[in-house]
Amino acid sequence: MEQLSMFIIMFSALLIPILMARFKVASVPTAVAEIIVGIILGKSGFNLVVQTRDLTFLSSLGVIVLMFLSGMEINFSLFKKRPGAPKDKKSPVNLAVASFVGIMLTAFILGMTLKATGMFNDVLLATIIFSTVALGVVIATLKEKEILSRPMGQTILLTAVLGEVVPMLSLTVYASINGGNAERLWMIVLLFLAAILLLHRFKQPFIWFNKVTKATTQLDIRLAFFLIFTLVTLAETVGAENILGAFLAGMVMKLLEPSEATQDKLTSIGYGFFIPIFFLMTGVRLNLRTLLTNPRALALIPVLVVCFILAKIAPMLVFRQRFNGRNAFAGGFLLVTTITLVLPTLQVARNLHAITATQSDAFVLAAVIVCIIAPIVFNSVYRLVPEDKLKQRVVFLGTNVFSVPVAQQLSRNWYEVRMVTDSQDNYKTYDSEVKNLTYLPELSEAALEKGKFFDCDIMAIDYLDDAKNFRLAKLAKAHHVNRVIAGQNQRNLDEDQRNKLQKMGVEIFNVYNVQTSVLRALIESPSIMTMLNSTEAGLYEVVVRNRRYTGQQLQALPFIDQMTVSRIRRGTQWLIPRGTTVIEPGDHLIFTSKASDVANIRAELRKRN
């Protein structure tokens, strides 16, 4: 029976996503589907699966890996304030903090209400559970909507991060107090110190790991599991919950800045093996038969569902300060999603005998219900607004016969272009041809800051004076412009200067090399210029982010008949594509396509999920 149970669980983990894809079930999170299937297979349904030692062990590893991957989902750059940026009381960080404070207060009031009515007596445990947010489900929903990097998405994301971190710390305090280890609570500080030490110790070696790792060593993955088990072991030693150690390990791994390939491998290991077993076994352990025969526990389920929803009223009100009422409601309702931390919280509470098995099952079932409802409501109610459809912001410093035509030809659907010149003659010449052209008598740091020209995604700098180009490029990088492209006109350039800029991430545009390459291409391949000048088709580049297409052969892309891939850049290597070439996360596809098809192709391949 034990081997049969393992087989059924593994087969179910394989079959569930296949059936969801086949019947296009996109509104229900996979985790919820796995719990429901577990309920059907377990003691509440056909009793085909029993709890074995091996399944219990794998399930415990599943929750640890889930917390680790949740820690890796935190985008720490959201907490960084850009230099010179004005204080904004309606920034995503401020709105998220205000929202979560409201959630905690509401959750506490709901806990007191349940105690006053005699339905549930543990106020602190109820507060922790009602304030939790399923970070993984929220991120997946925001990625699907393609607003994760937009103001609304960032605000929801940061609130969800707080909804996972703060309840987790509260759970550690709760477990220490109720487990009789309150005097050891201060030792949790050692856990955080260990996380900081590990981050400091592996920051430089991790860069070296990426250079020497091989398919048979996978040093990055070995390091990840070393971090997990080190901090989990230390967490249990100091009396904290092991999930806190796993979560901190994920944060450390994130701060080490792993490559997309590393993140994809860790995600594959977690969601491909360990985590489905955890969710399936959660359903298997549920005893709904006992729950349904207990009128008092049965009455608790709708009450808990309402409490989960009411606890997230505060974000709906706070979000209205910056976003319209419809989207504020949708964003707040998405935060009702709660499953990932509820399950380990209830497991801790059961181990401490702070909650009955029937009450625990009622909380799980209520969490499953809201986890189904919340994403559906969000997707139905939320409407994209102009700020969600922001184009990439490009700033050109310098106007000439080269930069002006480039600015004019950039697609208005993808880019918002501004140009700056310090030449009054050039301003008079091109003002009628360029929509957003600004004249600055002096291109100083103060003048560029005042005009908010550093507030862009791409800055292209093109003057005949290379020293001027490089000075401005350094300024742009100092102001955290993501991509900086600097023109180089002299063939003989100081290599030290060039190397310094490249180490800063500045892309050097060598006019001489480009002209030489184009002339050679015209001689060797005359059709290239026809293709580049064509208005019907063009040469494009896209970075593959959508994991739906990674691990697949190039010929398996559903829109491969609409594009011709000419090159693939993987890291620093250029690959010649073949139909059997397997796509990896972060691959740069250089392709040709009709202008009418390229927008859909790029949007689909770049979509994060």
Side-chain angles (χ1 to χ4, degrees), residues 35 38-39 42-44 51 56 59-60 62-63 66-67 103-104 106-134 163-164 166-182 185 236 239-244 278-279 281-311 336 338-371:
I35 293 174
I39 292 173
K43 60 181 69 174
S44 299
Q51 292 189 64
T56 301
S59 177
S60 299
V63 70
L66 176 64
M67 290 298 105
I103 289 173
M104 290 294 291
T106 308
F108 178 74
I109 293 171
L110 291 170
M112 293 289 291
T113 304
L114 289 180
K115 182 177 182 179
T117 57
M119 301 192 77
F120 189 72
N121 294 324
D122 197 324
V123 177
L124 182 55
L125 182 61
T127 302
I128 293 172
I129 293 175
F130 291 145
S131 61
T132 60
V133 181
E164 190 146 279
V166 176
M168 194 178 302
L169 293 173
S170 303
L171 177 62
T172 298
V173 175
Y174 173 86
S176 298
I177 295 174
N178 285 272
N181 297 319
L185 201 56
E236 293 178 341
E241 290 304 312
N242 55 21
I243 57 174
L244 178 60
F278 166 65
F279 285 123
M281 290 306 297
T282 296
V284 168
R285 285 190 289 264
L286 278 177
N287 192 343
L288 296 185
R289 299 187 183 202
T290 304
L291 184 66
L292 295 175
T293 57
N294 187 334
R296 186 180 179 86
L298 198 59
L300 186 60
I301 296 174
V303 173
L304 293 178
V305 170
V306 172
C307 287
F308 276 125
I309 295 173
L310 291 178
V336 172
T338 177
I339 192 70
T340 50
L341 193 56
V342 167
L343 299 179
T345 300
L346 292 171
Q347 186 174 329
V348 169
R350 286 196 301 271
N351 294 339
L352 295 171
H353 305 291
I355 189 173
T356 67
T358 304
Q359 289 174 327
S360 175
D361 290 348
F363 270 102
V364 172
L365 192 56
V368 169
I369 292 171
V370 297
C371 208

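Residues: numbered from 1 along the sequence shown.
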**Message:** By the side chain to side chain donor-acceptor pair (under 3.5 Å) test, which pairs, at least two apart or in different chains, include something from residues 109-125?
**Reply:** D122-Y174
**Asked** Of T338, L125, L304, which meets side chain to side chain contact (heavy atoms under 4.5 Å, CB included) against F363?
**Response** L304
**Request:** Considering non-hydrogen atoms only, spot the tightest contact between A299 and M119 and give its length.
**Result:** O-CE, 4.1 Å
**Request:** Could you check if a side-chain atom of S59 sits within less than 4.5 angstrom of a side-chain atom of R285, using non-hydrogen atoms only?
**Result:** yes
**Test side chain to side chain contact (heavy atoms under 4.5 Å, CB included) applied to I301 and I369, step by step** = CA-CA 9 Å; I301 296 174; I369 292 171; 4.1 Å; yes
**Asked** Between G163 and P167, what is the shortest heavy-atom contact and its length?
**Response** O-CG, 3.2 Å
**Prompt:** Any sub-3.5 Å donor-acceptor pair from S44's side-chain atoms to L286's backbone N or O?
**Reply:** yes
**Prompt:** What residues form a side chain to side chain donor-acceptor pair (under 3.5 Å) with Q359, not counting sequence neighbours?
**Reply:** T356
**Request:** Mind checking ring-ring contact (aromatic ring centres under 6.0 Å, His included) for F278 and listing every partner two or more places apart, or none if nothing turns up?
**Result:** none
**For F108, all residues meeting side-chain contact (heavy atoms from CB on, under 4.5 Å), sequence neighbours excluded** = M112, V123, T127
**Asked** Which heavy-atom pair separates S131 from I103 by the least distance, and what is that distance?
**Response** CA-CG2, 3.7 Å
**Request:** Could you check if a side-chain atom of L169 sits within less than 4.5 angstrom of a side-chain atom of V173, using non-hydrogen atoms only?
**Result:** no
**Request:** Kindly compute the distance separating CG (D361) from CG (L298), expressed to the nearest 0.5 Å.
**Result:** 12.0 Å
**Shortest non-hydrogen contact from N242 toward E236** = ND2-OE2, 3.3 Å
Check: residues 342-353 side-chain donor-acceptor pairs under 3.5 Å, at least two apart:
residue	atom	partner	partner atom	Å
T345	OG1	L341	O	2.6
R350	NH1	S360	OG	2.4
N351	ND2	Q347	O	3.2

**Message:** The criterion is side-chain contact (heavy atoms from CB on, under 4.5 Å); which residues satisfy it with V284, sequence neighbours excluded?
**Reply:** I9, V49, M281
**Asked** Could you state the interatomic distance from CD1 (I129) to SG (C307), rounded to the nearest 0.5 Å?
**Response** 11.0 Å
**Item:** Nearest heavy-atom neighbours spanning K43 and Q51
**Value:** NZ-NE2, 4.4 Å
**Complete:** Distance col, row M168:CE vs T132:OG1, nearest 0.5 angstrom, shows 10.0 Å
**Request:** State which residues pass side-chain contact (heavy atoms from CB on, under 4.5 Å) with A311; sequence neighbours excluded, sorted by chain then number.
**Result:** L110, F130
**Prompt:** Atom CD1 of I243 and atom CG of L66: how far apart are they, to the nearest 0.5 Å?
**Reply:** 9.5 Å
